[in-house]
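Nothing here was measured: the structure is a model prediction, and the numbers come from that model. If you read the sequence from its start, that first residue is 1, and numbering goes on from there. Indexing begins at 1, ligand by ligand and atom by atom, following the structure's order.
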Amino acid sequence: MERKTVISAYAKINTYLEVVGKREDGYHELHSHMQLITLSDTLTITTDDTQPFSLLLRCDRPEVPTGEDNLILRAARALFARYPMRRLPRIEIDLEKKIPMQGGLAGGSTDAAATLIALRDLLYPAVTEEALCTIAATIGADVPFCIRGRRGAQSARGIGEILERAPELDARLTLVLVSPGTAVSTPAAFRALDAQADVCRMQDAEARFSAMLEAVGSGELSRIERASFNCFEEVIFSMQPRVGQVFAQMRARGADMTRMSGSGPTIVGYFENAEAARRCADAFCESGFDAYLASPLCAAADH
Ligand code: C5P
């Protein structure tokens with residue numbers, strides 16, 4: 001029998017990101033506030049249990065690699081390895097890609113997370129979310145968040161895998177996401193940060209993170225703006241000046257708050273006024289940038 005399931009894979013933004021330590025295995029410990037947003041990829045998964053097992057990924061964008069290195073296939077293989085089945089069906093995954101790649105929006109991680117959820121629902125209904133998150137952590141540091149975050153914003157500690165429900169951004173905010181047209185490799189961004197780590201900031205890291213979570217809880221964007229932070233901004237702006245220019249333009253074009261997401265380079269403008277956000281996105285598009293409108297996803301919404 002053929003079965004088909006369609007699932008959205010949502011992009012994430014970091015409203016706060018600070019590296020607070022480095023582990024012996026080279027991974028960095030962080031403080032982060034993350035929320036999924038309405039910008040999403042779509043995965044259509046078709047299984048056919050009358051056919052022998054095979055696993056195939058197709059994507060509507062030719063520049064997306066669809067080989068075994070794609071996090072979607074790595075996630076599927078990890079799930080099958082953890083829960084071996086006597087007979088797996090034929091599985092075809094069609095990916096409709098909207099989230100910019102290597103943009104700091106967890107595009108690959110969220111596709112992997114959606115794959116785990118959809119395949120669990122189709123093939124392993126008894127597997128818990130916690131068990132899925134354990135597999136997710138072996139795929140990438142952001143993948144557990146991309147599962148948990150569907151229930152609402154989270155604070156992250158450890159290397160990003162210690163998650164806790166956190167206050168969330170208002171779903172009525174309009175976000176303008178601008179891709180400066182460059183790509184940032186996450187390991188390269190961490191290496192650059194290591195080269196210019198600022199130890200002085202570490203002393204009150206806990207206090208600043210708590211202040212950020214309280215600010216988000218207050219719902220006041222001006223307060224969130226003052227408390228929010230991304231330790232990668234300066235590093236990336238000096239590696240890629242164009243990213244810093246987009247940041248400055250976002251402010252000049254009326255954003256109530258501007259932050260880079262993750263290790264970049266996507267710049268996010270936060271607007272209380274949807275019309276002002278649309279004008280800002282149009283202005284970026286007119287000057288040749290890819291700009292996207294989105295809103296924060298909130299716990300109450302059903303996704
Ligand atoms: O886990 P993921 O594959 O997304 O991470 C990509 C790279 O980013 C890692 O190989 C590591 O260099 C760096 N990283 C890190 N600390 C984290 C997350 C990622 O150093 N907490």
- Specify whether F190 and F232 have parallel, tilted or perpendicular ring planes, treating 30° as the upper limit for parallel and 60° as the lower limit for perpendicular. perpendicular
- Any idea which atoms of ligand 1 are less than 4.0 Å away from a heavy-atom of G26? 20 (O)
- Query: What are the atoms of ligand 1, with element, lying closer than 4.0 Å to any heavy atom of G140?
  - Reply: 1 (O)
- Message: A quick test of your reading: do over 12 heavy atoms of other residues, nucleotides or ligands sit less than 6.0 Å from CZ of R82?
- Response: no
Please report which non-hydrogen protein atom sits nearest to [atom], along with the residue it belongs to and the distance in Å to one decimal place.
atom	answer
atom 7 (C) of ligand 1	P187 CG, 3.8 Å
atom 13 (C) of ligand 1	F190 CD1, 3.4 Å
atom 8 (O) of ligand 1	T186 CG2, 3.4 Å

- Message: Please work out, at 4.0 Å between heavy atoms, whether the side chain, the backbone, both, or neither of Y27 comes within that distance of ligand 1.
- Response: both
- Task: Using a 4.0 Å heavy-atom cut-off, say whether L30 meets ligand 1 through its side chain, its backbone, both or neither.
- Result: side chain
Under 3.5 Å between some N or O of ligand 1 and some N or O of [X]?
X	answer
A141	yes
H28	yes
I159	yes

- Message: Looking only at the aromatic ring of each residue, does the gap between the centers of H31 and F209 stay below 6.0 angstrom?
- Response: yes
- Query: Does R253 make a cation-pi contact with F284, if we ask for NZ or CZ under 6.0 Å from the ring centre and within 45° of the axis?
  - Reply: yes
Any Lys/Arg nitrogen of [X] or [Y] sitting under 4.0 Å from an Asp/Glu carboxylate oxygen of the other?
X	Y	value
E225	R223	no
D49	R3	no
R157	E29	no

